[in-house]
Amino acid sequence: MEDIRYQPAEIEPKWQKHWDDRHLFRAGERAGAPRAYVLEMFPYPSGAMHMGHVRVYTLGDVIARLARMRGFDVLHPMGYDAFGLPAENAAIKDGLHPAIRTPRNIESFREDLKRLGISYDWSREISTHEPEYYRWNQWFFLRMLERGIAYRRLSRVNWCPSCRTVLANEQVLEGLCWRCDSKVEDRRIPEWAFRITAYADELLQDLDKLDKWPERIVAMQRNWIGRSEGATVAFKVDGTAVEIPIFTTRLDTIFGCTYLVIAPEHKLVREFASAEKLAEIDAFAERIAQERKTDRAADTNKQGLFTGAFAVNPFTGQKVPIWVANFVVADYGTGAVMSVPAHDQRDFEFAKQYRLPIRPVIQPADGSPLLDPATAPAAFTDDGVVRDSGPFSSLESAAARQAMAELARKSGFGNPSITFRLRDWGVSRQRYWGTPIPIVYCEKCDPERRGIPVPDSDLPVRLPGPDEMDVKEVLSGTGEPPLAKISSFVNTTCPRCGGPAQRECETLDTFVDSSWYFARYLSPQDDRAPFERSEADGWLPVDTYVGGPEHAVLHLMYFRFWTKVMQELGLCEAREPVKRLVTQGIVNGPDGRKMSKRFGNVVSPRDIVEQYGADVTRLFILFAGPPQDDMKWSDDQVEGISRFLNRVWRHFQSVKKDLNDEERLAAETGVNPLRRKTHKTIRKLTHDIDNLQFNTCVSALMELSNAIGAVDSTQPAPFSALREAYEAFALLLSPLAPHFAAELWEQLGRADEIQLHSWPAWDEALTVDELVTYAVQVNGKLRGEVQVPATADDEEIKATARQAERVAAHLGDKPVRKAIVIKGRLVNFVV
RNA sequence: GGGAGAGUGGCGGAAUCAGGUAGACGCAACGGCCUUAGAAGCCGUCGGAGCAAUCCGUCCGGGUUCGAGUCCCGGCUCUCCCA
C-alpha cells in the first residue's frame, strides 16, 4: 500500500524554492495596486530562533499574505538588529570577534526564517552592524547635533557593573539591569544625549491618533511621559540670596506648606547648608543611595534629615524648615518640593514620622470640616475650597491655582509650568559593538572637549575590525570604552585644523539602530541618503507592526520620536511610524513556565519544524489562542494539528481523481449542505482573520474539513460541491499554512499562483439553510428545539414551537402572556 | 498606592464587540472497530448529580431584563506596567 501521509519535508522546500525563484514576494511590483507595509520587529540574531520569534513572524506573515490576496502591493521585509551586548560578551568568553560571529548567526537565523516559509522580500534584507547601515546612524547624529537635539551633558548615569555600560532609565527595572539583572550603580560622567523631552508634548498628544494601538501600550506611554501641569515657585533660603525653585501641581495648597524637601544630591544644597551639616547630608545621601541598591522597597521607607536652614514661603512670608529626604530625586521636576502634609499623603506620613506641623487649608467640597491634624488618619488629597489662605480663601481649588500662579508670575517669584516624567535619552555606551559616535576631540580647537563633528564626507566612521585589535584584550575592559585601546582608531586628524586629534570612543545605544530601520527597508542600498523621500511617502507609515509588548516604553517611544525628527529633516511626510500595532503574548514551555534553560523546558523551533513541518508549527501557534495572549507549548496539540493536515491530505488523495474529472463536475448542480458550509466558512474566516482571531480561523477550517470528510461516507458525492469546498479550503488556508495550500491548489489542477489569487468571496444566498433550528424556552428555560422552514414568519414559528413535546407539557393550559421570537435563534414563551 | 487586563469542563480555548440553545474546534481520557501485535486510522462517549423527568453549573454577592458568561453596582483572586 502506497504511503499517503503528507510529506512536509518534500512539499515545503519545493514551494519555498518556487517562491524564491519567482521573486513572488517582491514589493513594488504591482503597479497601481494600493500599498500595504507589514512589519515585524527585527530580531537580534542569536544563533538559533526561539518560539517567540516563530510566533511574531508567523503572525506577521499571515497578515502580509492576506493583504497580498486582497490585492495589495505588500512590503514585508526582514533584517537584523545586529549590534549589541550578547555578541560582545560572548567574544570576551571565547575570543570570537563579533564581526565574525554575527554574520554566522545571521546566516543561521535566515535559514530558520526561510524554513518557516515567511513571505519576505529578501532583496531588502539589512543588518545594522554593516557600515552601509550605521553610517546613517552617524549621519542622523550629526543632523541632531546641528539642531540641538543631540547634546553633551554631565549626568548621573545608571551604570551596570556587569555589562560595563551606561543604561537608560527605561533599561533599569526595579534597580536592576534589564538585560542581566545586575544591581545598577550611580556614576557621574559626560555623555551624549538626545533631547526627546522637547517632543514630550507631541509624543503625548499624538497618542490620541494611534487608535489602532493596543490601549495598554498607549496607557503605558502616557504614564511614561508623565505630563503634569502645575507651577514653579521660588522659595528664598532665609538669610541668603539662594532661591530654591519647587514644582507643584497643587499650588492651591501652598498656604499649608510647613516644610520644604530637597534632594540630598541637589547642587543648591551646597550653597546654603553649613559645612558641618553638609557632611551629615552627604553621609545621608551616600546611605540612601546604598539602600536603594540593596533594597527594592527602600523608597517606601521614608527617611529625612533637617538641613538646619529655613526657606521663606513667598506667599505668606512664613519660614519653613528645609529637609532632605530619600523620596525626592534631583532630576525630576526641580529636585525640590514644598510639603503640604495636610493634603499630600506622602508629606503627611513624613510629617507624622518627624513631628512636623500639619496645616489644613483645603475644605472638602461636600462641606465637611477641615481635616484635624491631631486625629486625621490620612491626608485629604482631593480638590475642595481653599481656607486660611489670605486673599485666596473661599476660592475653589482650580480657581485658586490659577489666581495664585498669576500672582506669582506678576510678582516674579513663580510661573505656571509643566513637567514631564520622561527624561532625555542618554545614548553613550562604553562598549565596542555599536555605532561609533562621529565626534573628534582636538586640544587646540576644542580645549573644553565639547566635541567636533566629523564631516559628512568622512562618514562612516568605521568600527575597527578583527584585524585591528586583540579581541579579548580590547573587550574585557574595566569601564573605559574598548575603542580607547585601539590607537589606530583613536588617533586621527582634526577636521578643523588638521592637527592631531582623538576620536570619541563611545558607541551609540542600539536603540538608535532600531529607531529608523523600518525606513531603511524602503531603499536599503541607497548611499546618498538614509532612504528616498518618494519611497517613504509611498509606504510610510507602516500599516501593521507586530512585536512584543516589552518594548512599550523603549523602542516604541524612541522610534516615534525619531520619526518626528525625520519628518522635520524633510525625509518623510509621516510623523508617526506605525498605524496599527499588534502585540503578541509569550510562548511558555509545556509546563506553563517561561521557556528557559534553567527549567529545561525549551522547545526548539528547528526540531519542531524538522519533525512536523513549518505549516503544522505555524497552525499550532495560531490555533493555541489569540495573538495577544500568552500561550503554552503543547506537544499533544501539535500532534493534533499534524493529524488534521494528514486527514485532509488522505481524503483529498482519495477523491482527487474525481475532482479533476470535468464530466462529472459538469453533471452536478444545486445547493447542498456542503456548499452551505463552504460559504459560511468563507464568511467566518473573512471576518475572523481581519480581527486577528486566527485560532477560530483554524477551528473553522477544521469544521469545513470535517464536513468535507462526512460527504464521502453518507451519500453519492456531489463532486462540484466537493471541488468548490477544496478550492475554498486551499485559499482560506493559504495565509496560515502556505505550503500545504499551494500543494493542494496545484493538485487541484490549478496552474495559477494561489499566493496571489484573490481572497475568496461568499454568496450570502448560499449560506441560508432551508430549515432553521429554534431553541424553545418557557420562562427563559430551555425546553426543546424545533425545525422551522427558513421562510416561516413569527406566527408560524410560534405555532410550531408550541407543539414541541416538552414545551407543550410545560405550557399546559396556562395562558401565554408574551411570546418572544428571535429570528433564526429562539422562541421564549412567558407564562 | 496608581494604571491596564483577565477569571468559562481534566487542559488550550469558543460564545463577550451587538444580551438570545454555554462549552465550537482541538487535546487528554474512556468504550468499540480494524490488526498476529503495535503504530496509524475509523466509529462512539465526554461539565456535575440523577434510572428518568429534572435540577445545578461561566470567581463571589446584588441589580436590570421575558432572558445575563456577556450589561450595571459591590467584593475576591491572578497577571502585566508604573511607583
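Every chain is numbered from 1 and lettered A, B, ... according to where its sequence line falls, protein lines coming before strand lines. Values reported hereafter were calculated over all heavy atoms of this structure, with side chains retained and with hydrogens, waters and symmetry mates removed.
- Remark: P of B:rG26 and CG of A:Asn646 are 15 Å apart, rounded to the nearest angstrom.
- Across all strands shown, B:rA24 remains unpaired; no Watson-Crick or G-U wobble contact has both distances below 3.5 Å.
- The partner of B:rA18, taking Watson-Crick or G-U wobble pairs whose two distances both stay under 3.5 Å, does not exist in any strand shown.
- The CD-C1' distance, from A:Glu785 to B:rG20, rounds to 14 Å in whole Å.
- Each of B:rG20, B:rC25, B:rC82 was ranked by its minimum atom distance to the side chain of A:Glu703; first place goes to B:rC25.
- When Watson-Crick and G-U wobble pairs are counted only if both distances are under 3.5 Å, B:rU79 pairs with B:rA4.
- Searching all strands for a Watson-Crick or G-U wobble partner of B:rA37 with both distances below 3.5 Å returns nothing.
- Here B:rG12 presents its P atom at 17 Å from CE of A:Met702, a figure rounded to the nearest Å.
- Looking at A:Asn828, its side chain comes within 3.5 Å of the base of B:rC66 through a donor and an acceptor atom.
- No contact: A:Arg222 has no heavy atom under 4.0 Å from any strand.
- At B:rC56, one or more side-chain N or O atoms of A:Lys781 fall inside 4.0 Å of OP1 or OP2 (strictly under the cut-off).
- When heavy atoms are screened at a 4.0 angstrom cut-off, A:Gln637 is found touching base atoms of the nucleic acid.
- Glycosidic conformation at B:rG63 (O4'-C1'-N9-C4 for purines, O4'-C1'-N1-C2 for pyrimidines): anti, more than 90° from 0.
- Nearest to the side chain of A:Arg650, among B:rA15, B:rC42, B:rC27, sits B:rC42.
- Ring pair A:Phe350/A:Phe327: centre-to-centre distance below 6.0 Å.
- Looking at heavy-atom distances under 4.0 Å, A:Ser634 makes no contact with the nucleic acid at all.
- Remark: B:rG74 base-pairs with B:rC60; criterion is Watson-Crick or G-U wobble with both hydrogen-bond distances under 3.5 Å.
- Here A:Gln345 lies out of heavy-atom contact (under 4.0 Å) with every strand.
- A donor-acceptor contact under 3.5 Å is not formed by the side chain of A:Gln777 with the base of B:rG67.
- Take the nearest nucleotide of RNA chain B for A:Lys818 and for A:Ala624: the residue whose nucleotide is more 5' is A:Ala624.
- Residue-level contact check: A:Asn706 touches the backbone only, with heavy atoms under 4.0 Å from sugar-phosphate atoms and none from bases.
- With rounding to the nearest 0.5 angstrom, the CD1 atom of A:Ile708 is 6.5 Å from the OG1 atom of A:Thr678.
- Note that the CZ atom of A:Arg783 and the CG atom of A:Asn828 stand 11.0 Å from one another [nearest 0.5 Å].
- In this structure, A:Glu796 does not pair ionically with A:Lys798, as no charged nitrogen and carboxylate oxygen lie closer than 4.0 Å.
- Set against B:rC25, B:rG20, B:rA28, the side chain of A:Asp636 has B:rA28 as its closest nucleotide.
- A:Pro626 comes within contact range of the sugar-phosphate backbone alone, with a heavy-atom separation under 4.0 Å but no base atom that close.
- Rounded to an integer number of Å, the gap from CD1 of A:Ile586 to P of B:rG12 is 17 Å.
- Base pairing analysis places B:rC30 opposite B:rG44; the two distances defining the Watson-Crick or G-U wobble pair are each below 3.5 Å.
- Residue-level contact check: A:Arg783 touches the backbone only, with heavy atoms under 4.0 Å from sugar-phosphate atoms and none from bases.
- Residues A:Asn695 and A:Gly640 both approach RNA chain B. Their nearest nucleotides, taken by heavy-atom distance, put A:Asn695 toward the 5′ side.
- Side-chain rings of A:Phe652 and A:Phe729 stay apart, their centers remaining 6.0 Å or farther from each other.
- Checking each of A:Phe644, A:Trp633, A:Tyr612 against A:Phe620 for a side chain to side chain contact (heavy atoms under 4.5 Å, CB included) leaves exactly one that passes, namely A:Trp633.
- Straight-line distance from the CZ atom of A:Phe327 to the C1' atom of B:rG1: 15 Å, rounded to whole Å.
- Nucleotide B:rC11 holds its C1' atom 14 Å from the CG atom of A:Asp635, rounded to whole Å.
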